[in-house]
Amino acid sequence: MKMTGAQAMVRLLQKEGVEVVFGYPGGVVLPLFDALYEAEGIRVILTRHEQGATHAADAYARVTGKPGVVIVTSGPGAANTVTGIANAYMDSVPIVVITGQVATHVLGTDAFQETDITGITIPITKHNYLVDDPADIPSIMAEAFHIASTGRPGPVLIDLPVDVSRGEIDFTYPERVNLPGYKPTVKGHAKQVHQAAALIAKARKPLLYVGGGVLSSNGAKELKELAELMQLPVVTTLMGKGAFPEDHHLFVGMPGMHGGKFTNYAITETDLLLGVGVRFDDRVTGKLATFASKAKVVHVDVDPAEIGKNRPVDVPIVGDARAVISAITAELRKMNAEPRTDAWMHVIDDWRARYPFHYHTSETAIMPQYVVERVRELTKGRPTVFTTEVGQNQMWACQYLRITEPRTWVSSGGLGTMGFGLPAAIGAQLGRPDHLVIDIAGDGSIQMNSQELATAAINKLPVKVVILNNGYLGMVRQWQELFYEHRYSSSTLPQDCPDFVKLAEAYGCFGIRATTPAELDDALVAAFAYDGPAIVDVRVEREENVFPMVAPGGSIDEMLGGIPGGPVSEMLDEELFEEVWE
Amino acid sequence: MKHTLSVLVENKPGVLTRVASLFARRGFNIDSLAVGTTEDPTISRMTIVVSADETALEQITKQLYKLINVLKVQDLDPEEMIDRELVLYKVSAAPERRHEIIEIANVFRAKIVDVGRASLTIEATGTGDKLAAMEDLLRAYGIKELARTGKIALARGSRDA
Ligand SMILES: Cc1ncc(C[n+]2csc(CCOP(=O)(O)OP(=O)(O)O)c2C)c(N)n1
Ligand SMILES: [Mg+2]
């Protein structure tokens, strides 16, 4: 069938099952927006900034498991997606970004709004394409969606010159993708799976260290089965939150810089670290030499390049997390392996009881941690997706929320992108219309994409933004307090500029402020009950710090702040170990 | 340690950029790089010489495989490969010293490919050692200009199935 390249693009989006596209038009992408004008089954969300569109697509992908789609124009439009693409790349999120481009005959001449977006995004995409022939559109689209969503997921960019989208093609659906250089391994190697199972069967202090890979592979159920079968304690990274229920007795928190002391102690003491869909990120490991230094390491990941990258591994298993977890469980069943972690769980429970997250409560000031706790309590039992901004707000959200369902936690991990949370909330709300969606925000971060309040208001997306307004770039201030002699260089923000309540109102959203602990619950309840987007401006204690904390480059069992207690070696109750084990 | 990687890639625009950019951003140093099509015109071979220890080499290989257009990466065994490089030397050559230079070229089975008023241009192929030895001798006469292709290599036939 004859049609234009742009019409073919739309047909292919429909074929991929795309229901929502996030975008922003401009000159050279108009053919595509024109083809989208009355496209059946595709809702186009016009954001207020291309960065917003990209983060929204990213979050949409995280909560639905389907690739998020972005369509923007060339030059500035394309350039504005760069942060969003980098964010999706770092967190392995499947998005397909389609950028308009100047016509092929002027490519390379610095034509109006020309930018080499394929060149710019080589290091931050899983793959990208510059389409120079309309006839290639079907195969490129099929490949792009395939590459984005399989193996280790990630962003793919398609740069579409205007003459290509106007050009005519004889359209047929591509039968299948032909990518000789791309064949992700799904099944783990049987011998290695067996080795891992054998190690688990005899480990006395095993620990599952779980990341985003388990969520991307939809392996939460299988993970729970394995953990429960062998009574294995589980830590989940910031990216892995939701892969294991945080109210489960085997859950041992988040590791790393602002993780739990009990979590970091468990990692330091474990004799078998089972990393699944993780990448031994420096924010998790701290000083590598002392990270899980007593442990044998099994590392399961779909990306072979992650295995052994930062930490030597005893049993490497390349494969899809869910498939490999299932295989390990099956192997353990075959071996009739029995759980033997009683003593270990005892020790962990003891640490957990001794070193919970902790803050000083106040009658007069609203503690930021208290806000997160109240949000947690007030949403209990209500299906909720949490997004976050970046900074202290994000770390307190990690510490005090309880994420119990997969794909209900959306936070910028690898890139740490301020301004992610609000557009992410919008994308999440579109992906999960029945969920309450809450962005735990900072007063700095929220200003990086606050224009998206318009997107929320106009599209009737009732997202809630809870701003922990401390009048600082709080995490920066914290580092300056601890490591730069209290010299608060460029980190102060007036708490009342902007007036966030008025800002909300300016966009037709609901705005409310809480300045005392007594006002907090009412404000949160009002916002959560409101039938539309809302901002809660919570004036929190200004100079509160996130503790405990691993100093940059330090060992993770040597944490500043929090409940006092020395490094793990001193805290281990040897007697208890002896008693329970022998 | 130096490794010679033989990398088969799809012959598509931008592939060289992807590979070069990967080496640059991951901090791997390229000593030399040569590209050309293979017996199959849709596939190119890149011969890349890198200095890397075993861990770094493993990362390089795995990262290369992540590029969609990369089909195969081989770390050639120095004992089991044929490697060559082609070099053009433009050497200062006053008429009275020409015969000496020509003699050196002959010893190394190199060819004189251009004769100028005050220079000779020599084409030499060989392995790194041979070319280094020859270059060393030619330096005494003054090398005015030099161009090299970078190393190309294939595994020896004895390694074929
Ligand atoms: C786009 C971007 N710029 C700069 C930073 C560095 N940074 C990390 S946290 C932070 C402060 C965030 O302030 P705020 O949003 O108010 O959060 P708080 O730490 O106060 O909770 C900054 C500037 C970043 N992560 N992202
Ligand atoms: Mg702040």
Side-chain angles (χ1 to χ4, degrees), chain A residues 86 89 92 104 107-108 116-133 136 139-140 143-144 146-148 150-159 177-185 279-280 288 299 301-313 316 318, chain B residues 1 3 5-30 33 35-48 50-75 161:
Chain A
Y89 184 72
S92 307
T104 48
L107 262 177
D116 176 13
I117 197 64
T118 46
I120 289 171
T121 57
I122 281 178
I124 53 169
T125 49
K126 192 168 166 188
H127 196 52
N128 63 23
Y129 296 89
L130 172 59
V131 193
D132 59 8
D133 181 351
D136 293 340
S139 61
I140 287 179
E143 286 175 19
H146 178 69
I147 291 171
T150 54
R152 178 178 183 172
V156 177
L157 181 137
I158 301 174
D159 201 19
V177 297
N178 175 28
L179 292 163
Y182 179 71
K183 303 223 159 55
T185 308
R279 57 186 183 90
F280 293 76
L288 269 167
H299 190 180
D301 205 282
V302 74
D303 180 358
E306 287 304 339
I307 297 181
K309 184 179 82 177
N310 293 343
R311 158 79 194 226
V313 166
V318 178
Chain B
M1 196 192 139
H3 294 268
L5 298 181
S6 182
V7 184
L8 292 178
V9 301
E10 290 180 280
N11 187 7
K12 290 193 174 166
V15 177
L16 177 59
T17 316
R18 290 178 201 280
V19 171
S21 141
L22 173 70
F23 275 79
R25 75 173 175 277
R26 301 256 173 205
F28 308 136
N29 274 325
I30 299 182
L33 186 153
V35 203
T37 50
T38 61
E39 69 284 1
D40 176 347
T42 66
I43 294 175
S44 293
R45 183 186 304 276
M46 295 187 179
T47 309
I48 307 172
V50 288
S51 305
D53 62 19
E54 286 306 313
T55 323
L57 183 74
E58 188 181 325
Q59 254 311 291
I60 294 173
T61 308
K62 287 170 164 181
Q63 293 294 347
L64 278 170
Y65 269 120
K66 283 176 72 168
L67 298 179
I68 308 289
N69 303 121
V70 169
L71 304 172
K72 189 163 188 213
V73 182
Q74 257 185 303
D75 174 22

**Student:** Does any backbone or side-chain atom of B:Leu8 lie under 4.5 Å from a heavy atom of chain A? Answer side chain, backbone, both or neither.
**Tutor:** neither
**Student:** Which region of A:Leu130, side chain (C-beta onward) or backbone (N, CA, C, O), has a non-hydrogen atom less than 4.5 Å from a non-hydrogen atom of chain B, or is it both or neither?
**Tutor:** neither
**Student:** Measuring heavy-atom distances to chain B, does A:Asn128 have an atom under 4.5 Å in its side chain, in its backbone, in both, or in neither?
**Tutor:** both
**Student:** When the ring centroid of A:Tyr182 is compared with that of A:His127, is the distance short of 6.0 Å?
**Tutor:** no
**Student:** Side chains of B:Arg26 and B:Ile60: closer than 4.5 Å at any heavy-atom pair?
**Tutor:** no
**Student:** Look at B:Gln59, B:Glu10, B:Lys12 and state which one has the largest set of heavy-atom pairs under 4.5 Å with chain A.
**Tutor:** B:Gln59
**Student:** Verify the distance criterion only: is there a donor paired with an acceptor across the side chains of B:Thr42 and B:Asp40 at less than 3.5 Å?
**Tutor:** yes
**Student:** How about A:Arg152 and A:Ser92: does a side-chain donor come under 3.5 Å of a side-chain acceptor?
**Tutor:** yes
